[in-house]
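Structure record follows, encoded as structure tokens.
Every heavy atom of this structure was used, including side-chain atoms; hydrogens, water molecules and symmetry mates were not.
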Amino acid sequence: MSKLVSKEALDQICEISKQEISAQKCRILICAGTGCLAGGSREIYEKMCELVAADGKAEVEFGPEIAHLPGVDIHKDGACSGCSGEKAADADREVVGVKKSGCHGFCEMGPLVRIEPYNYLYIKVKPEDCEEIYQTTILNGEPVERLLYEMDGVKYKAQEEIPFYAKQTRLVLKNCGHIDAENIKEVFANNGYQALKKVLFEMSPQEVIDEILESNLRGRGGGGFQAGYKWKQVARQKETIRYVVCNGDEGDPGAFMDRSIMEGDPHKMIEGMLIAGYAVGAQEGYIYVRAEYPLAISRLKIAIAQAEEYGLLGEDILGSGYSFKLHINRGAGAFVCGEGSALTASIEGERGMPRTKPPRTVEQGLFGKPTVLNNVETYANVPMIILNGAKWYHGIGTETSPGTKAFAVTGSINNTGLIEVPMGTTLREIVYEIGGGIKNGKEFKAVQIGGPSGGCLIATDLDVPLDFDSLKKKGAMIGSGGLVIMDEDTCMVEVARFFMNFTQNESCGKCVPCREGTKRMLEILEDIVAGRGTMEQLDLLQELGETITDMSLCGLGKSAALPVLSTLRVFRDEYEEHVLQKKCRTGTCQALRTYVIDPDLCKGCSKCARNCPVGAISGEIKQPFVIDQSKCIKCGACEGNCFFKAIKLQ
């Protein structure tokens, strides 16, 4: 491989890469995202490689680490892509590509395997299924019916026909699950770095900024600030040393959108950062990734090394005269480092704590220099805006929130996973059409959107468009895009306590409102779920939440109380029930449980009494037993040991 020194050289390698992929008889794309790897997809990958390599009818193309597995000798007949012992393929041999892809998104059904060109998607695959997949599909082109997704009696062969995928608009996530995440040639085959070529040879820096401004691309990591305006502010600074920084910290519980992009299509984000650097006159960039994302870090390192090797990072990119270097910084997992000034301080080697503003990051950011700071998903939107134009981008989503948004859907929903939909899509569409409805036929109760910095939406909000402005009116925010779905059995007071516990633990402690206020709010919530709450405390909870929102130093502190304030507003009856009746209607709060024995169902077997750790149950054999509520510690051992379902929560 030689360094690409011109735009023509880039076009040539893109065309060659397309031809190489089209020459493959079929491609086996095995999900190697974090979730599927945890489910055993690496073993599936290795088994598939062994099967393909052992078949004398096909030439195998896969990575060098597989070529040297015990028992896999592919050099005597075939070729090993990326291996020093590469051997030319025989003209009459068919090529089967075995690829490690990024996250396919359908996490509930993993491990996932996609077979092209048939577009079959196999779900919950095990290593022992590989032989059947190879014989039935790779050799004969027929689907393995039992591994196909089925809903309402219909089996879906093509991945794109599955309702979970059919109702999405995957643009940022388009390549995730469809390309080898560790092979830059697959990126070239899908028009990778064509947007970079366009800006370097056809657009001035100001024209790039104007295009992003016109597109109204809004930051996908929090409050939805206009990305183009940030770029414009950095570009107009007198200081000539400038930086581009990517926030890949993603600390919200249940959120994994940015992680999946970094794992599944890292070059798209890198290309977006390169374009931003060209637009604002920066020659150096930093990607800040939490250390809990080891796979994302590994894929980013591979992608950066490949881009440097091909001359897409470094000096004189594509012979244009523009130079740009990229670094990776690992964060230690502090939630507050998702805030811009805390993040840049962390990169500098300082403790990650927010600072007062102004000056803002665009004026004095990393190392005191003007800095563009956006998150992974925001940068990943940039190449397609440059290639297709701002007008095209405005045709997706809403007028004030154009484009798509990736959401991580978790909780009490049938189809958990990673989705991408146009801005303005309703919660009802996500929950009932893409998500397949609530688990076990339960009723939808609420969704926590935006993580600890977000708020709750309820059943009456199911038809509210999910965009920046509509959610702001509801006292919520998109945040990074986490959606935690809750059903009728969820205690909203406990939900508020959970998020406040997270926020209080993650407070950096720099400002009093957040440091002390969140602690007091958590203490009140713990009193309420323990049955010690008072009505006066409910009023104090409201007051503290409003004070923290108004007075905290940084954006994270200002949004810390949102989960509590939103649940107080729409579920106040549950709070009052906890306080006045000392009752949790869902039975979630252990201290407020009341176990009773139904005398009509009790057979007097005494098993409950024999298993009670505190001797709170008494009675005579073959007569109904009773629970002494003054002794009961609410452990539930009696309920679990009753054969006759006579013990219930009151």
Is R532 paired with D527 through a side-chain N to carboxylate O contact shorter than 4.0 Å?
yes
How about R520: does its CZ atom have over 12 heavy atoms from other parts shown lying under 6.0 Å from it?
yes
Is K474 salt-bridged to D461, cutoff N-O under 4.0 Å?
yes
When N119 is tested against each of K157, E161, R114 for side chain to side chain donor-acceptor pair (under 3.5 Å), which residue passes?
R114
Taking R585 first and then D573, would you say they form a salt bridge - that is, a charged N and a carboxylate O separated by under 4.0 Å?
yes
Under a 4.5 Å cut-off applied to non-hydrogen side-chain atoms, are F335 and P452 in contact?
yes
Side-chain H-bond candidate by donor/acceptor type, T400 with D469, under 3.5 Å
yes
Test side chain to side chain contact (heavy atoms under 4.5 Å, CB included) on W231 and V382 and set out the steps.
CA-CA 12 Å; W231 297 16; V382 171; 3.9 Å; yes
Passes side chain to side chain contact (heavy atoms under 4.5 Å, CB included), Y393 versus N381? Steps please.
CA-CA 10 Å; Y393 195 68; N381 271 276; 3.2 Å; yes
Residues K174, E420: salt bridge by 4.0 Å N-O rule:
no
Using 4.0 Å as the upper bound for N to carboxylate O, is an ion pair formed by K445 and E488?
no
State whether a side-chain donor-acceptor pair under 3.5 Å links S341 with E339.
yes
Please determine if R497 and E523 form a salt bridge, counting it only when a charged side-chain N lies under 4.0 Å from a carboxylate O.
no
Donor + acceptor pair across side chains of Y575, T567 (<3.5 Å)
yes
Under 4.0 Å between a Lys/Arg side-chain N and an Asp/Glu carboxylate O for E150 and K155?
yes
List the steps, then state whether side chain to side chain contact (heavy atoms under 4.5 Å, CB included) holds for V421 with T169.
CA-CA 5 Å; V421 294; T169 302; 6.0 Å; no
Working for side chain to side chain contact (heavy atoms under 4.5 Å, CB included), residues T426 and L462
CA-CA 6 Å; T426 66; L462 279 169; over 6 Å; no
Are Y122 and Y149 close enough that their ring centers fall under 6.0 Å?
no
For N375 and N247, test the side chains for any donor-to-acceptor distance below 3.5 angstrom and give the result as yes or no.
no
Under 4.0 Å between a side-chain nitrogen and a carboxylate oxygen: does that hold for D539 and R572?
yes
Given side chains that start at C-beta, do those of L568 and V564 come closer than 4.5 Å, heavy atoms only?
yes
